[in-house]
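Quick note: residue numbers are just sequence positions, from 1.
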Amino acid sequence: MNLTVSVLGTGIMGAAMARNLARAGHTVRAWNRSRAKAEPLAADGVQVADTPAEAVTGADVILTMLYDGATVRSVIAEAVPGLRPGALWMQSTTASLQDVADLAAFAGEHELVFFDAPVLGTRQPAEAGQLTVLATGPAEHRDAITPVFDAVGARTVWTEAATRLKLVANSWVLAVTHGVAETLALAKGLDVDPADFFGLIEGGPLDMGYLRAKGSAIVEGRLSPASFAVVTAEKDARLIVGAGADAGVRLDVAAAGAERFRRAAEQGHGDEDMAASYYASFPG
């Protein structure tokens with residue numbers, strides 16, 4: 001089934017998702033605050049719009065993949081003149097629980113069918129259409145939104161609490177990232193060859209693919225282009241800490257991790273991969 005899909009936000013993730021939607025045969029319109037970031041999508045058959053309202057006019061599905069909840073609120077407000085009652089809204093921006101509730105309320109006011117649908121994955125799985133979609137939404141409209149989920153992801157996990165699950169999953173991802181970064185920083189400080197560390201744990205229960213991927217990126221200096229940028233990782237870390245606090249859960253490691261990302265960004269690594277947390281272990 002061919003759908004008209006409006007993609008609002010064409011950063012690392014949104015651009016990849018727009019391309020995969022177009023490759024799947026859907027009509028795709030894309031908008032980005034900086035039009036220059038969206039222009040390359042035209043080569044993939046994506047129509048680049050000048051405004052959010054233009055992008056969503058007549059759309060069957062609206063996909064928001066923006067920086068945070070505040071940005072989504074601002075952009076979807078700009079889109080109001082083009083919104084069509086009954087359109088499906090796939091809200092994939094990682095946002096706070098309160099933001100998601102507010103956006104769902106906005107959808108109700110404008111007769112949109114709201115799906116809380118953050119995704120798990122970074123640049124490479126996004127480009128390959130191999131994301132995991134975490135989805136919460138009305139059962140009677142699932143068949144209608146499934147072609148979009150299938151175009152951007154390899155798996156859809158239906159849950160009653162998509163954003164809650166995403167924050168839990170991201171807390172693990174960020175903790176492991178900092179673990180790799182600090183381990184290799186300590187190795188450098190103690191003049192230990194990273195290869196000796198990797199050899200020591202090889203094939204055992206402490207070994208894992210993610211460790212290898214982030215570890216090699218740090219050792220080889222391959223932190224650009226980012227799979228997931230430091231500044232975005234800091235934003236997510238603070239969402240996690242806030243969600244924990246609201247639930248009466250103290251998250252010391254996540255809070256310290258947010259500070260590591262902040263320091264790395266201050267050192268000029270904000271647009272690099274989140275493994276650049278490594279640099280927060282060193283002065284300057």
Inset, instruction - Give a yes or no on whether Glu160 atom CD has more than 12 heavy-atom contacts from other residues, nucleotides or ligands under 6.0 Å away. - result: no

Legend entry - Atom CG of Asp143 with >12 non-hydrogen neighbours under 6.0 angstrom: no

Inset, instruction - Tell me whether Trp89 is reachable from Met65 by hopping between hydrophobic residues (I, L, V, M, F, W, Y) whose side-chain heavy atoms are closer than 4.5 Å. - result: no

Inset, instruction - Identify whether Val180 and Ile201 are in the same connected component of the hydrophobic contact network (ILVMFWY, side-chain heavy atoms under 4.5 Å). - result: yes

Legend entry - same_hphob_cluster(Phe282, Leu184) at 4.5 Å side-chain heavy-atom cutoff: yes

Legend entry - Val5 with Val152, same ILVMFWY side-chain cluster at under 4.5 Å: yes

Inset, instruction - Working to the nearest 0.5 Å, report the span between NZ of Lys235 and CG of Asn170. - result: 8.5 Å

Inset, instruction - List the steps, then state whether salt bridge (charged side-chain N to carboxylate O under 4.0 Å, His left out) holds for Asp273 with Arg222. - result: CA-CA 8 Å; Asp273 188 79; Arg222 292 184 290 98; over 6 Å; no

Inset, instruction - Determine, using ring centers only, whether His178 and Phe261 are less than 6.0 Å apart. - result: yes

Inset, instruction - Evaluate the side-chain contact (heavy atoms from CB on, under 4.5 Å) criterion for residues Leu21 and Val7: first the C-alpha distance (whole Å), next the side-chain angles of each, then the deciding distance (0.1 Å), finally the verdict. - result: CA-CA 10 Å; Leu21 285 162; Val7 179; 4.0 Å; yes

Inset, instruction - Determine, stepwise, if the pair Leu88 / His141 fulfils side-chain contact (heavy atoms from CB on, under 4.5 Å). - result: CA-CA 8 Å; Leu88 311 179; His141 293 284; 4.3 Å; yes

Inset, instruction - Indicate the atoms forming the closest heavy-atom contact of Pro225 with Arg123, along with that distance. - result: CB-NH2, 3.5 Å

Distance-only criterion, 3.5 Å: show the donor-acceptor pairs between side-chain atoms of residues 101-114 and protein atoms not counting sequence neighbours.
residue: Asp102; atom: OD1; partner: Gln98; partner atom: NE2; Å: 2.8

Inset, instruction - Check whether any side-chain heavy atom of Thr156 lies under 4.5 Å from a side-chain heavy atom of Thr146, and answer yes or no. - result: no

Inset, instruction - Provide the closest heavy-atom pair for Ala38 versus Val48 in the form atom of the first, atom of the second, distance. - result: O-CG2, 3.5 Å

Legend entry - N/O donor-acceptor pair under 3.5 Å between Asp207 side chain and Gly203 backbone: yes

Legend entry - Plane angle bin for Phe115 and Phe149 - parallel if under 30°, tilted between 30 and 60°, otherwise perpendicular: perpendicular

Inset, instruction - Dump the intermediate steps for salt bridge (charged side-chain N to carboxylate O under 4.0 Å, His left out) on Glu259 and Arg263, then the final yes or no. - result: CA-CA 6 Å; Glu259 286 302 297; Arg263 292 199 306 275; 5.4 Å; no

Legend entry - Side chain to side chain, Phe198 and Leu211, heavy atoms closer than 4.5 Å: yes

Legend entry - Side-chain donor or acceptor of Arg19 paired with backbone N/O of Asp44 under 3.5 Å: no

Legend entry - Least distance between heavy atoms, Ala162 atom then Thr136 atom: N-OG1, 2.9 Å

Inset, instruction - Establish, from distance only, whether the side-chain atoms of Arg29 and Thr4 form a donor-acceptor pair under 3.5 Å. - result: no

Inset, instruction - Check step by step if side-chain contact (heavy atoms from CB on, under 4.5 Å) holds for Met90 and Met17. - result: CA-CA 12 Å; Met90 178 181 174; Met17 295 166 84; 4.1 Å; yes

Inset, instruction - Enter the distance from Arg84:CZ to Ser6:OG here, rounded to the nearest 0.5 Å. - result: 11.5 Å

Legend entry - Audit row: Asp252, Arg250, side-chain contact (heavy atoms from CB on, under 4.5 Å) steps and yes/no: CA-CA 6 Å; Asp252 296 322; Arg250 180 170 170 170; 2.6 Å; yes

Inset, instruction - State, yes or no, whether a side-chain contact exists between Asp246 and Leu97 at a heavy-atom distance under 4.5 Å. - result: no

Inset, instruction - Look at the side chain of Thr122 and the backbone N and O of Phe228, then say whether any donor-acceptor pair between them is shorter than 3.5 Å. - result: no

Inset, instruction - Check whether any side-chain heavy atom of Asn2 sits under 4.5 Å from a side-chain heavy atom of Thr27, and report yes or no. - result: yes

Legend entry - Straight-line distance of Ser277 OG to Leu223 CG, nearest 0.5 Å: 10.5 Å

Legend entry - Rounded distance (nearest 0.5 Å) linking atom CG of Asp116 with atom OG1 of Thr93: 10.5 Å

Inset, instruction - Please report the shortest heavy-atom distance between Leu66 and Leu8, naming the atom on each side. - result: CG-O, 3.5 Å

Inset, instruction - Test side chain to side chain donor-acceptor pair (under 3.5 Å) on Ser227 and Gln124 and set out the steps. - result: CA-CA 7 Å; Ser227 289; Gln124 290 84 359; 2.8 Å; yes

Legend entry - Distance, nearest 0.5 Å, that separates CG of Leu167 from CG of Asp236: 7.5 Å

Legend entry - Min side-chain heavy-atom separation Val72-Tyr67 under 4.5 Å: no

Inset, instruction - Look only at the side chain of Thr159 and the backbone of Ala161, and say whether a donor-acceptor pair between them is shorter than 3.5 Å. - result: yes

Inset, instruction - Kindly indicate whether the side chain of Glu78, heavy atoms from C-beta on, has any atom under 4.5 Å from the side chain of Arg33. - result: yes

Legend entry - Close side-chain approach of Glu234 to Arg238, heavy-atom, < 4.5 Å: yes

Legend entry - Close side-chain approach of Val75 to Trp31, heavy-atom, < 4.5 Å: yes

Inset, instruction - Examine Val148 and Trp158 and state if one hydrophobic cluster contains both, with Ile, Leu, Val, Met, Phe, Trp and Tyr joined whenever side-chain heavy atoms are less than 4.5 Å apart. - result: yes

Legend entry - Any donor-acceptor N/O pair, Asn32 side chain to Arg35 backbone, under 3.5 Å: no

Inset, instruction - Indicate the atoms forming the closest heavy-atom contact of Ser171 with Ile240, along with that distance. - result: N-CD1, 3.5 Å

Legend entry - Flag, side chain of Ser92 to backbone of Ala117, donor-acceptor distance under 3.5 Å: yes

Inset, instruction - Would you name the heavy atoms of Ala22 and Val28 that are closest together and state the gap between them? - result: N-CG2, 3.6 Å

Inset, instruction - Can you establish whether the number of heavy atoms outside Arg155 located under 6.0 Å from its atom CZ is more than 12? - result: no

Inset, instruction - Mind checking side-chain hydrogen bond (donor to acceptor under 3.5 Å, both in side chains) for Ser281 and listing every partner two or more places apart, or none if nothing turns up? - result: Arg260

Legend entry - Arg164, CZ atom: more than 12 neighbouring heavy atoms under 6.0 Å: no

Inset, instruction - To the nearest 0.5 angstrom, please state how far the OG1 atom of Thr163 sits from the CD atom of Gln91. - result: 7.0 Å

